[in-house]
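Order of appearance sets the numbers: ligands from 1, and atoms from 1 within every ligand. Start at 1 with the first residue, then count along the sequence.
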Amino acid sequence: MFWSNASIKFHYSYRSYRCCLTLAFNRAFGCSLSQATDVKMNDPVENAKRLAAFKAVDNHVVDGVIGIGSGSTVVYAVERLAQKVKDEGLEVICVPSSFQAKQLIIQHGLKLGDLEMNPNLKVTIDGADESDHMLTLIKGGGGCLTQEKILASCAEEFVVIADYRKASTHLGEQWSKGIPIEVIPSAYRVVYQKIEKMLGGKSDLRMSGSSKAGPVVTDNGNFILDWNFEGVKDWKEVEITLNMIPGVVENGLFVGMARKAYFGMSDGTVMERNV
Ligand SMILES: O=C[C@H](O)[C@H](O)[C@H](O)COP(=O)(O)O
């Protein structure tokens with residue numbers, strides 16, 4: 001690789017900037033940069049996710065089978081679970097909702113289960129893209145929703161963890177990317193047309209971005225449509241209508257499933273919502 005003088009200069013000044021930052025950090029807090037990974041926790045959103053996740057695990061996880069959702073907030077829940085297994089001898093079997101969740105469970109040395117062996121879950125802990133005041137959720141922003149909904153449906157308790165940006169009064173207040181809908185690839189076009197005809201709004205086939213040409217492919221080998229809804233009054237009806245369209249595998253509306261949510265706030269507190 002050939003570097004220009006300008007990029008070399010930038011590289012070295014960035015390195016020395018990082019170095020100074022590390023030293024200043026170590027002096028100020030008496031710990032290494034690795035302990036403070038961590039600097040990430042200086043990010044109010046990451047900190048909020050972590051607070052919510054830790055509190056949910058502390059309040060809801062007991063020995064037994066636990067459903068593990070997907071996304072960036074769940075990372076902290078798994079971290080906390082692993083701590084509790086190590087420090088308190090908690091005995092859990094973790095059932096993943098995605099490839100990502102499975103990797104997290106394995107990386108933390110937790111016991112991995114599946115729905116075939118462990119169909120009854122004590123609790124499922126999962127993130128959300130948005131929640132209204134009744135804990136109606138939009139999920140699937142990260143492409144995982146079908147297994148998540150299955151795990152939520154198999155659990156005695158379904159607990160949501162999220163940061164403050166996800167807590168709305170009505171869906172669509174903060175989340176502008178629509179309702180994710182997992183579809184059989186060959187049917188995406190007809191599903192798209194039917195949704196438009198039956199419910200209005202517009203759908204977009206979710207594309208992969210720069211790392212792969214073409215659409216996002218889910219863990220199940222399907223595509224995702226993001227439906228930009230308008231004027232919805234009854235979310236349960238919409239959830240059912242979407243799932244009745246041939247070719248739809250599942251949609252990211254979770255209606256009446258969650259009874260408890262923890263939202264980490266920017267001031268370091270955790271807001272709890274129950275329904
Ligand atoms: O597809 C992804 C899942 O539904 C996630 O739970 C949701 O997108 C929330 O993810 P995050 O915790 O990263 O905000």
Side-chain angles (χ1 to χ4, degrees), residues 40-41 43-57 66-81 94-105 121 123-132 135-153 155 158-168 171-183 204 206-209 215-227 235 239 242 249-255 257-258 260-266 270-271 273:
K40 214 177 166 189
M41 286 309 117
D43 174 340
V45 172
E46 290 304 316
N47 196 39
K49 291 178 187 179
R50 186 186 219 176
L51 288 170
F54 275 39
K55 194 155 190 185
V57 170
I66 313 298
I68 305 293
S70 310
S72 57
T73 316
V74 161
V75 172
Y76 298 112
V78 177
E79 181 189 323
R80 184 58 161 179
L81 259 180
C94 299
V95 178
S97 62
S98 61
F99 180 84
Q100 179 227 2
K102 187 175 174 187
Q103 294 295 303
L104 279 175
I105 294 164
L121 313 181
V123 57
T124 288
I125 297 187
D126 203 349
D129 298 307
E130 190 172 32
S131 165
D132 74 4
L135 300 188
T136 303
L137 312 174
I138 297 177
K139 289 182 52 53
C144 307
L145 54 108
T146 302
Q147 276 88 337
E148 288 186 341
K149 205 183 261 192
I150 297 170
L151 289 196
S153 76
F158 172 44
V159 177
V160 177
I161 51 177
D163 62 79
Y164 50 92
R165 301 168 308 166
K166 316 291 184 67
S168 296
L171 294 184
E173 263 171 32
Q174 329 249 8
W175 181 254
S176 56
K177 296 183 184 164
I179 311 287
I181 302 163
E182 183 163 356
V183 295
D204 294 310
R206 196 183 294 179
M207 302 306 281
S208 294
V216 165
V217 177
T218 69
D219 286 358
N220 309 312
N222 296 317
F223 291 171
I224 302 253
L225 288 178
D226 289 299
W227 173 53
W235 287 112
E239 186 190 12
L242 287 171
V249 177
E250 189 48 88
N251 69 79
L253 279 169
F254 286 48
V255 187
M257 298 189 93
K260 181 86 190 176
Y262 293 87
F263 298 97
M265 307 305 284
S266 54
V270 176
M271 176 177 81
R273 256 185 206 174

Exercise. Determine, for Tyr262 and Lys55, whether the Lys NZ or Arg CZ falls below 6.0 Å from the six-membered ring centre while staying within 45 degrees of the axis.
Key: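 Not satisfied by the 6.0 Å and 45° rule.
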Self-check item: Within the protein, residues bringing a heavy atom under 4.0 Å of ligand 1, chain by chain
Solution: Ser70, Gly71, Ser72, Thr73, Asp126, Gly127, Ala128, Asp129, Lys139, Gly140, Gly141, Gly142, Gly143, Cys144, Glu148, Lys166
I'd like to know if the side chain of [X] and the backbone of [Y] have a donor-acceptor N/O pair within less than 3.5 Å.
{"X": "Arg206", "Y": "Gly141", "value": "yes"}
{"X": "Glu130", "Y": "Ser168", "value": "no"}
{"X": "Ser97", "Y": "Ile68", "value": "yes"}
{"X": "Arg50", "Y": "Gly264", "value": "no"}

Quiz item: Would you say the side chains of Asp219 and Gln100 form a donor-acceptor pair under 3.5 Å?
Solution: no
